[in-house]
Amino acid sequence: MHSPLPVFALLLNALIWGLSWWPFRLMHEAGLHPLWATAAMYALVLAGLLALRPASIRQALQYPVLLLLAASSGLNNVAFNWAVTVGDVVRVILLFYLMPAWAVLLAWRLLGEKPTPMALLRLLLAFGGVVLVLLPADASLSGLFAGLTVADALAVFGGFMFALTNVLLRRFQGIPAQARMLAMFAGCMSMGLLTALTAGSLGVVPGFPAFDGSWALVALGLAGLLMLGNWALQFGAAHLPSGVTSVVMLSEVVFASVSSVLIANEQLSARTLAGGALIMGAALLASLGRRRQA
């Protein structure tokens, strides 16, 4: 009989990320912008990793290509955290989960994996879902980008960078896992800091605020949860086929959607639900495809 612990571990990781929008909004309301929050939290996570695995820094320095992984994972986190803080949570999550569609195109370009007819079907489903989510009911296709908000653009960009991160992880699978994890955490911290400094100099975001226990406690707690979520993901993914892992991780959309309705009183329109069904269908097809290959 198989142990249910790996599945529970993946559900825990999905729950943490599905609810992460709430502490980011709490910190934002207390004066800490999500860019600064990302930099500060991942500095804590990185310090914790180095304290537990000090040898990982020597491993990471042996592979300069990990700079690409650091940049992609960092920009992925920056875009996602910023988007869920200022945008509609359900809409952001759905646009972010275009990742399987981007993965088809990136794997074709970077890994030489020519898309199959099923992969092209996933592309059509995913981008058809995007049209339903973004396009107002009374608008034409030409107005698709007219109603695009900053949060929408960040969500799409974040999903693209998430797909790139996954493709790079496959390409760098020969590099020790500790080195890859260190590069990803360092990238999240550095990209958060660099983006915050750049946006701050342009007047887009406020500077780093004075210390306040209200946001500091939330940041510390979320940093601990992110480390726990990463451990849960590593444990679950190591004990389950990749296809099963991908299917279970889709529960993040459910956690985010339900929590946003209950906590933030957000509304789910029929078009959003229909578009979300298409996007999730594309993600589910990608997951089942990987399961069959395994």
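Note that the numbering runs from 1 along the sequence shown for the chain. Quick caveat, the model's predicted, so the values are computed rather than measured.
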Please report whether the ring centroid of Phe172 lies less than 6.0 Å from that of Tyr63.
no
His28 and Trp215: aromatic ring centres closer than 6.0 Å?
no
When hydrophobic residues are tied together by side-chain contacts of less than 4.5 Å, even through go-betweens, does [X] share a cluster with [Y]?
X: Leu44; Y: Met27; value: no
X: Leu67; Y: Ile57; value: no
X: Ile263; Y: Leu94; value: yes
X: Val261; Y: Val253; value: yes

Before you tell me yes or no, could you show the steps for Leu226 and Trp17 under side chain to side chain contact (heavy atoms under 4.5 Å, CB included), namely the whole-Å CA-CA distance, both residues' side-chain angles and the distance that decides it to 0.1 Å?
CA-CA 8 Å; Leu226 291 178; Trp17 278 106; 3.6 Å; yes
Smallest separation among heavy atoms of [X] and [Y], with atom names:
X: Val92; Y: Val84; value: CG1-CG1, 3.5 Å
X: Pro206; Y: His33; value: CD-CD2, 4.1 Å
X: Ala256; Y: Trp21; value: O-NE1, 4.2 Å
X: Gly18; Y: Ser259; value: O-OG, 3.8 Å
X: Thr85; Y: Pro34; value: OG1-CB, 3.6 Å
X: Ala223; Y: Val45; value: O-CG2, 3.6 Å

Using 0.5 Å steps for rounding, measure from the [atom1] atom of [X] to the [atom2] atom of [Y].
X: Leu32; Y: Phe211; atom1: CG; atom2: CZ; value: 11.0 Å
X: Leu217; Y: Ser214; atom1: CG; atom2: OG; value: 8.0 Å
X: Ser257; Y: Ile93; atom1: OG; atom2: CD1; value: 7.5 Å
X: Phe255; Y: Ile16; atom1: CZ; atom2: CD1; value: 10.5 Å
X: Asn76; Y: Phe157; atom1: CG; atom2: CZ; value: 9.0 Å
X: Trp36; Y: Leu193; atom1: CH2; atom2: CG; value: 6.0 Å

Quick one: does Thr149's side chain get under 4.5 Å of Asp152's, heavy atoms only?
yes
Determine whether Phe96 and Val156 make a side-chain contact, defined as any pair of heavy atoms from C-beta on separated by less than 4.5 Å.
no
For [X] and [Y], indicate whether the former's side chain and the latter's backbone hold a donor-acceptor pair under 3.5 Å.
X: Thr198; Y: Thr195; answer: no
X: Glu266; Y: Val89; answer: yes
X: Asn77; Y: Ser73; answer: yes
X: Trp22; Y: Ala264; answer: no

Go through it in stages, so that I can follow the logic: the residues are Phe235 and Leu5, the test is side chain to side chain contact (heavy atoms under 4.5 Å, CB included), and I'd like the CA-CA distance, side-chain angles, deciding distance and then a yes or no.
CA-CA 9 Å; Phe235 174 79; Leu5 286 178; 4.1 Å; yes
Show, in sequence, the C-alpha distance, side-chain angles and deciding distance for Val86 and Val150, and conclude whether the side chain to side chain contact (heavy atoms under 4.5 Å, CB included) test is met.
CA-CA 9 Å; Val86 302; Val150 172; 5.5 Å; no
Run Glu29 and Leu26 through side chain to side chain contact (heavy atoms under 4.5 Å, CB included) and show every step you take.
CA-CA 5 Å; Glu29 292 170 1; Leu26 292 176; 4.2 Å; yes
Could you pull out every donor-acceptor pair under 3.5 Å between side chains of residues 178-189 and any protein atom, sequence neighbours left out?
{"unit_1": "Arg180", "atom_1": "NE", "unit_2": "Ile175", "atom_2": "O", "d": "2.9"}
{"unit_1": "Arg180", "atom_1": "NH2", "unit_2": "Ile175", "atom_2": "O", "d": "3.4"}

